[in-house]
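Only one structure is covered here, and it is reproduced in the block below.
Whatever order the structure lists them in is the order used to number ligands and atoms, beginning at 1.
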Amino acid sequence: MPASSRAKAVLRVAVAAPLSELLDYLKPADGTRVLPGMRVLVPLGRARRVGMVVAADVPTTLPAERIKPVLSVLDREPLLAAGDLRFLLWAAEYYRGNPGEALFGALPLRLRRPRPSLDDRPSGWRVCGEPETAAAELRRAPRQREVLALLAKAPAGLDDATLRARLGDCIAPLRALAGRGLITRCRIAAPAEPPPTPLAIQASAPTLNAHQAAATAAVERCQGFGCFLLDGVTGSGKTEVYLRLIDRALAAGRQVLVLVPEIGLTPQLHERFARRVTAPIAVLHSALSETERERGWRAAATGEARLLLGTRSAVFTPLRNLGLVIVDEEHDMSLKQQEGFRYSARDLAVRRAQQADCPVLLGSATPSLETLHNARGGRYRHLRLPQRAGTAVDPKILVADIRAQPLETGLSHALLTRMDREIDAGNQVLLFLNRRGFSPVLTCHDCGWTSECPRCDARMTLHRGRALLLCHHCGLEHAQPVQCPYCTSPDLRPLGQGTERVEDTLRQRFPGLPLARIDRDSTRKRGELERLLAAAQRGEQRILLGTQMLAKGHHLPGVTLVGILDLDHGLYGSDFRATERMAQLLVQVAGRAGRAERPGTVLLQTRHPQHPMLELLLGEGYGAFATAALAERREAGLPPFSHQAMLRADSPREQAALEFLAQVLETARPLAPPEVEFWGPAPAQMERRAGRIRAQLLLQAPTRALLQGVLARLLPALRALRRPRELRWSIDVDPQENL
Ligand code: ADP
Ligand code: ZN
Ligand code: ZN
């Protein structure tokens, strides 16, 4: 068949579907222009799917009758540039995700569906008809009157964001007015770009100290790609260094990407950047509405926004002319995506800078052992800010040995005495307990029943304020029982404490004293965290009690005492990273104390005051701790001295996950060189979760290249394995949790 063996040019498309391959399609028959980075609608089996063109005019030798044409082209201009496509496809390959899912995961939600991009869509409201005639009709509707009055002043209409900014949530009155035929939805052109303002450093910028100046100069000298670790205690002025470098990059006409952990991206940080950076900033994080997110994405992609400040998924945002990448709190776990397409935003940020041939700066007071290892091995430049900037002094860390001590809801006598003293002196106290809820277990005093989750190998936490038993692993909720479900005894007792219970005790002990509890439960309402933190900064509360939400980056100048109620689980955790996390959390929480002129004290309650790693951390600091921890890792052959990938599987059926992974292991062994080790399959740490039985298989290799080689051979074979329908599996390259 000569016709079909002739090479023909086709489109190579990443289809938004769980497919590990790219597919080929013919160009549209009507001759519509189609370029890489544009979305197309394609036939897939009997369905239609959105796809992203990753290459055009690729030769294929597939017989022509097997290739179908695309159904339509969805974009007039490419959404992603060649560099963006290359980066995203690289990420999909490295983390073994499906290319279509990785590419479409990088787009705002609406663009993952066959919809036009935002520019072509109604985005606001304008009046139609005669608003004056409506006065009588709206006599009893003051909100509608208010909205209408505002719109009447803007005949071209106002966009949704402006309306919200001026009037707050006004969806209901808008709908009502539209129902009366007084206003209508319309398309609002994007506002003209503001006139460019000089990108000079503002007067408010402090003069850099010698360490800051040296760090800044080192990065500025870097031509092209280079990776830097900015290792500086909390308050040492890392953000100042970022601002200076951002300023330089912007002045050179480049774009800048700044990644921060989820909770680190508070309005305070945004404001600080906005105050100092006189160029348009786009912000991307999970609390935004879809429209806001798309707007930010678009501003970054078109180059209109010069600085993109975002949480982990912002690393995928298209940017032109990228000139600097910064990852703040690079050790933070929230930079790792743990579900679906699993990736490390920090590691991808480094890769992205490499592709863009620009410097990348990783900042932390407690660098991850991986990053420290890279710095010590010379792959990253190690920049240090050893002192706090300005006048603040380092906090003093004291250990309270609570063995055999009476505790009042987890609070030792030593801690309470110090709290009294600081509160009497008019200072603020911060208490840290990384467990929310009232108590982690409810138990029956008569028969020993405990509040097990029926779907997980875990206990349900008592949330007394909401009168609930809640499973923190699967989300199951039960009303708080009034009697034992087993023996009907009314004598049910909470065991142990979470923040809610400590709050109760504190309110009794310090009646009338303003106190804020900051955890996931108390900050569920949008904006509540910001409100509480802002009040805390103004010194309105005297006691702040919270989980790790309180540990990150916030500047709390009035806090002079930090009490850490319990970090002991970190000393003997089952994950090999447990001590690293414990040390980071301890140093981060301690960093909240004494940031202003008032010196701070940290009191750590522990039952293991002689634990060697804890002694090292407290006696010689995080650097010495990290050296010892790295030596232990080297000894055990664990990351960063080896590279891992975790295969996880789960099924509602007993054994199914283990059996599947045993099959995977059998498939994998002959594909792997002898240096590659396999651990498992074994039941997961929490074997049953949300009613599914979970198992895991760990691959470990001495080099990244060896690991990637095995994965490249294994995954196609694994996908071809027969497996029960209800079984789910996933792969996690460079896992951060061995659970
Ligand atoms: P980090 O990001 O390391 O926690 P920041 O950059 O937020 O540190 O600095 C901590 C505080 O010190 C801020 O209030 C900042 O304005 C101030 N600061 C930073 N650098 C200087 C400097 N060179 N001189 C005076 N104050 C400084
Ligand atoms: Zn009972
Ligand atoms: Zn559960």
Task: Protein N, O or S atoms lying under 2.8 Å from the Zn ion (ligand 2), listed by chain and number - done: C444 SG, C447 SG, C484 SG, C487 SG
Contact check, side chains of [X] and [Y], non-hydrogen atoms, under 4.5 Å:
X    : Y    : result
R517 : Q541 : no
R459 : E452 : yes
D521 : R466 : yes

TODO: For G232 and ligand 1, answer yes if some heavy atom of the residue is under 4.0 Å from a ligand atom, otherwise no.
DONE: no
To the nearest 0.5 Å, what is the distance between [atom1] ([X]) and [atom2] ([Y])?
X    : Y    : atom1 : atom2 : result
H463 : L469 : NE2   : CG    : 9.0 Å
L259 : L308 : CG    : CG    : 7.5 Å
R435 : H569 : CZ    : NE2   : 7.5 Å
R254 : L319 : CZ    : CG    : 11.5 Å
R520 : H472 : CZ    : NE2   : 7.5 Å
L309 : Y242 : CG    : OH    : 11.5 Å

Quick one: does ligand 1 sit under 4.0 Å from the side chain of [X], the backbone, both or neither, non-hydrogen atoms only?
X    : value
R272 : side chain
L385 : neither
P206 : side chain
T239 : both
V241 : neither

Below 4.0 angstrom from a heavy atom of [X], which ligand 1 atoms are there? Numbered from 1 as shown, please.
X    : answer
L208 : 23 (N)
G237 : 1 (P), 3 (O), 5 (P), 6 (O), 8 (O), 9 (O), 19 (C)
T207 : 22 (C), 23 (N), 24 (N)
N209 : 23 (N)
V233 : 3 (O)

- [ ] Output, in order, the C-alpha distance, side-chain angles, deciding distance and verdict of side-chain contact (heavy atoms from CB on, under 4.5 Å) for T523 and I518.
- [x] CA-CA 7 Å; T523 57; I518 298 184; 4.2 Å; yes
What I want to check is whether the side chains of [X] and [Y] have a donor and an acceptor closer together than 3.5 Å.
X    : Y    : value
Q497 : T409 : no
T627 : R376 : yes
R581 : Q736 : yes
S334 : D332 : yes
S368 : R346 : yes

Task: Every N, O or S from the protein that is nearer than 2.8 Å to the Zn ion (ligand 3) - done: C453 SG, C456 SG, C471 SG, C474 SG
Open item on the list: Regarding ligand 1, does E240 bring an N or O atom to under 3.5 Å of one of the ligand's N or O atoms?
Closed with: yes
Task: Test of proximity, G235 against ligand 1: N or O pairs below 3.5 Å - done: yes
Task: Residue pair M686 / C456: nearest heavy atoms and the distance that separates them - done: SD-CB, 4.3 Å
